[in-house]
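One structure is given here, and the rest of the page talks about it.
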Amino acid sequence: MYAQMVKSEASNEDPEKLAEFQARIDADIKIEPKDWMPQAYRKTLIRQIGQHAHSEIVGQLPEGNWITRAPTLERKAILLAKVQDEAGHGLYLYCAAETLGVSRDELTEMLLDGRMKYSSIFNYPTLNWADIGAVGWLVDGAAIMNQVPLQRTSFGPYSRAMIRICKEESFHQRQGYDAIRKMAEGTPEQRKMAQDAMNRFWYPSLMMFGPSDKDSVHSAQSMAWKIKINTNDELRQKFVDQTVPQAEYLGLTIPDPDLKWNEERGHYDFSEPDWSEFFDVIKGNGPCNVDRLAARNKAWDDGKWVRDGLLAHARKKQSGNLAAE
Amino acid sequence: MSVSVSNDALHQFLLRMGDNTLILGHRVSEWCGHAPVLEEDIALANTALDLIGQTQMWLGLAGEIDGGKSADDLAFLRDAWDFRNVLLVEVPNGDFGRTLMRQFLFDAWHSIMLGRLMTSADDRVAAIAAKASKEVAYHLERSGGTVVGLGDGTEESHARMQEALDYLWPYVGEMFASDEVDAQMVAAGIAPNPTDLREEYDALVGRILTQATLSIPESQFAHKGGRDGRMHTEHLGHLLTQMQWLQRAYPGAKW
């Protein structure tokens with residue numbers, strides 16, 4: 001899940017308009033940018049889509065970390081294609097957010113100065129090659145859990161962006177699983193890398209769904225508006241149920257001694273992640289927060305002359321064209 | 001001309017093509033996540049991806065005629081002296097301006113070269129060239145457009161692009177050097193004499209750089225030593241250290 005703990009806003013608008021709006025959503029009619037919408041719906045969506053877009057952008061960094069060291073040309077090409085897809089997802093999502101009246105530059109500045117967040121998962125490092133497999137398998141796997149239902153979200157541009165994104169994400173997850181499978185079936189050193197990746201990415205992947213939201217008023221509003229479709233706990237359970245047999249197939253051990261099948265519930269029981277660690281990461285104290293933001297800020301600052309130069313050239317051309325008319 | 005000599009020359013020629021795309025693809029991929037604007041992140045990753053794909057074809061064919069080696073064997077298990085890329089593609093990225101100028105100077109040569117190779121007497125070479133040339137036409141369009149935009153942008157972008165051109169120009173000449181390998185390629189109808197591509201290159205590059213309001217340095221001095229492997233830059237060893245690390249540290253592992 002690339003948007004976590006998105007706080008939704010309370011509405012105090014004309015009850016009649018609100019009721020009409022809710023009726024449209026209940027009837028599964030998409031809300032389009034020019035339609036009336038509650039301010040709170042707009043603000044919550046900007047936060048959610050913006051955070052998702054930022055996650056795609058910052059998410060280039062942990063994977064990009066291994067492009068130059070990918071062990072074969074094919075793996076290098078696959079990873080490049082994947083990271084390119086992610087930048088593309090960022091682009092669709094910024095475009096979807098722009099239809100709500102916020103510019104990409106404004107969103108970018110809010111990311112760079114820390115006012116907006118990105119997914120906690122990208123504050124963890126990628127330390128060995130199997131991490132690239134684990135990111136595809138576990139991290140993209142967790143993201144897909146959330147994104148598949150969001151294809152039915154009430155806001156048209158977000159829903160359409162999700163449909164495109166989901167097609168590519170399922171390819172990412174498959175390639176991740178394939179990469180880690182190769183390692184799990186490989187030499188003792190490769191198996192060690194795969195298990196090490198599993199050990200480090202398991203709990204951070206569970207954290208991606210956010211803390212339990214059974215008592216959250218914000219979640220209830222977002223669910224009524226269909227900008228959130230399932231609860232965090234439902235999605236986390238679904239992820240665990242899907243992932244455990246895959247890990248068993250690979251012969252990898254999930255680092256949770258209490259993990260076991262619960263016949264009665266028809267689900268796996270599992271340990272909660274350390275939520276104090278999660279809140280530390282959200283507050284900026286994860287292993288890579290400072291470096292990730294510094295890298296994005298450096299890219300933006302170093303690129304200023306490029307953006308300015310291209311803009312100046314476009315303006316010269318435009319005024320040249322006008323003069324010629 | 002004996003078959004073995006011809007095969008050896010063909011092998012060298014294929015390494016030159018494949019090492020150029022491998023090393024440049026590596027350099028361009030270093031930008032991932034750090035570009036000035038999102039569209040550039042996408043375009044740079046796309047360019048690197050195309051170049052790595054072309055590498056698989058060129059080095060795949062080189063390995064085939066070299067006793068059944070794989071493209072990966074050639075990419076990951078040779079030392080610097082066996083690489084045959086021109087020096088231009090191994091110089092560090094520098095700022096975005098230098099990266100795009102290097103790309104443009106290479107793309108212009110690459111597109112002309114591939115155009116000729118499409119009519120190669122060797123069908124395998126012609127087929128790779130036909131596929132690669134479509135991608136490279138786009139690379140050239142984009143890098144040329146960006147060089148013009150930045151050269152004729154602000155005072156700062158102009159100055160940076162001129163600096164990039166001044167730095168890189170001495171690496172251009174090597175792309176047009178000819179030796180015994182080239183002579184054999186010409187004789188067999190496999191590839192053109194690189195020297196013969198220069199006029200078209202100068203016309204193309206001159207036109208774009210004029211639009212970019214940039215001045216080509218007067219000196220015609222050209223560094224050399226990459227395409228025959230006699231003397232690479234100090235930078236290549238560091239690049240290979242990174243690129244080849246996993247294959248070297250875990251010999252024989254399948255990835």
Side-chain angles (χ1 to χ4, degrees), chain A residues 53 57-88 90-91 94 104 108 128-129 179 182-183 185-187 189-190 193 295-296 298-300 302-317, chain B residues 22 25-46 48-50 52-53 55-56 59-60 70-72 75-76 95-97 100 146 148-161 212 239 242-247 249-250 252-255:
Chain A
I57 302 311
V58 178
Q60 293 180 93
L61 298 172
E63 297 195 286
N65 182 40
W66 278 92
I67 288 177
T68 56
R69 291 177 291 169
T72 68
L73 294 171
E74 191 185 0
R75 292 284 173 206
K76 195 188 287 284
I78 291 170
L79 186 55
L80 269 166
K82 178 172 191 285
V83 175
Q84 186 194 7
D85 282 351
E86 272 147 19
L91 200 56
Y94 283 127
R104 198 208 306 181
T108 300
N128 81 58
W129 170 251
K182 257 301 195 342
M183 308 282 287
E185 293 170 355
T187 65
E189 290 91 346
Q190 285 177 304
M193 289 180 209
R296 289 310 306 165
K298 185 173 189 303
W300 189 249
D302 288 354
K304 184 175 189 307
W305 72 269
V306 176
R307 297 189 300 276
D308 290 349
L310 294 175
L311 191 66
H313 179 72
R315 286 193 179 132
K316 281 185 205 176
K317 263 175 75 178
Chain B
L22 173 62
H26 181 103
R27 280 288 185 228
V28 175
S29 78
E30 291 173 0
W31 273 96
C32 178
H34 304 281
V37 65
L38 190 46
E39 283 80 352
E40 288 301 331
D41 267 317
I42 296 173
L44 288 165
N46 187 54
L49 181 57
D50 287 345
I52 297 302
T55 303
Q56 288 174 292
L59 293 189
S70 70
D72 283 343
F76 295 97
D95 67 4
F96 183 80
L100 260 289
T146 311
V148 170
L150 292 174
D152 184 30
T154 60
E155 210 173 299
E156 182 184 3
S157 72
H158 175 84
R160 282 177 183 258
M161 294 312 280
L239 186 154
Q242 195 172 46
M243 184 172 84
Q244 299 182 336
W245 172 62
L246 276 174
Q247 289 264 3
Y250 302 98
K254 299 276 178 274
W255 306 91

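Reckoned from all heavy atoms, side chains included, excluding hydrogens, waters and symmetry mates. Order of the sequence lines sets the chain letters (A, B, ...), proteins ahead of strands, with each chain counted from 1.
Closest heavy-atom contact between B:P36 and A:G303: CB-CA, 3.4 Å. Closest heavy-atom contact between B:L246 and A:R69: CD1-O, 3.5 Å. For the pair A:G64 and B:C32, the tightest heavy-atom approach, listed with the atom from each and the gap, is CA-SG, 3.9 Å. Between B:L49 and A:A77, the closest heavy-atom pair is CD1-O, 3.2 Å.
No more than 12 heavy-atom neighbours from other residues, nucleotides or ligands sit within 6.0 angstrom of CD on A:E74.
In this structure, chain A has heavy atoms under 4.5 Å from both the backbone and the side chain of B:W255. Residue contact with chain B, scored on non-hydrogen atoms closer than 4.5 Å, is absent for A:L311. Neither the backbone nor the side chain of A:A179 comes within less than 4.5 Å of any heavy atom in chain B. Contact of A:D302 with chain B is not made at all, since no heavy-atom distance falls under 4.5 Å. Looking at B:A35, the atoms closer than 4.5 Å to chain A (heavy atoms on both sides) all sit in the backbone: N, CA, C or O. Only the side chain of A:R307 has a heavy atom closer than 4.5 Å to any heavy atom of chain B. Only the side chain of B:L22 comes within contact range of chain A, with heavy atoms under 4.5 Å apart. Interface residue B:R160: only side-chain heavy atoms are found under 4.5 Å from chain A. Contact annotation for B:D95: only side-chain heavy atoms (C-beta onward) come within less than 4.5 Å of a heavy atom of chain A. For A:L61, the part sitting under 4.5 Å from any heavy atom of chain B is the side chain, from C-beta outward, and nothing else. Only the side chain of B:I52 has a heavy atom closer than 4.5 Å to any heavy atom of chain A.
Using a 4.5 Å heavy-atom cutoff, the side chains of B:L150 and A:H313 are not in contact. Counting only heavy atoms from C-beta outward, the side chains of B:D152 and A:K316 approach each other to under 4.5 Å. Looking at B:E40 and A:V306, their side chains never come closer than 4.5 Å, going by heavy atoms from C-beta outward. Counting heavy atoms from C-beta on, the side chains of B:D72 and A:R75 never come closer than 4.5 Å. Within the 4.5 Å cutoff, the side chain of A:L80 has heavy atoms near those of the B:S29 side chain. Counting heavy atoms from C-beta outward, B:H26 and A:K76 have side chains that approach closer than 4.5 Å. Using a 4.5 Å heavy-atom threshold, the side chains of B:Q247 and A:T72 count as touching. For the pair B:Y250/A:Q190, no side-chain contact is recorded, criterion being any heavy-atom separation below 4.5 Å from C-beta on.
With sequence neighbours left out, A:W300 forms a ring pair (Phe, Tyr, Trp, His ring centres under 6.0 Å) with no residue at all. Applying the salt bridge (charged side-chain N to carboxylate O under 4.0 Å, His left out) criterion to A:E189, with sequence neighbours excluded, gives no partner residue.
Ranked by heavy-atom pairs under 4.5 Å with chain B, the first of A:I67, A:L79, A:L91, A:I78 is A:L91.
A:R315 places no side-chain N or O within 3.5 Å of a backbone atom of B:G153 that could act as its donor or acceptor partner.
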Next item on the list: Take A:K298 and B:H34 through the test side chain to side chain contact (heavy atoms under 4.5 Å, CB included) and record every step on the way to the result.
Entry: CA-CA 8 Å; A:K298 185 173 189 303; B:H34 304 281; over 6 Å; no
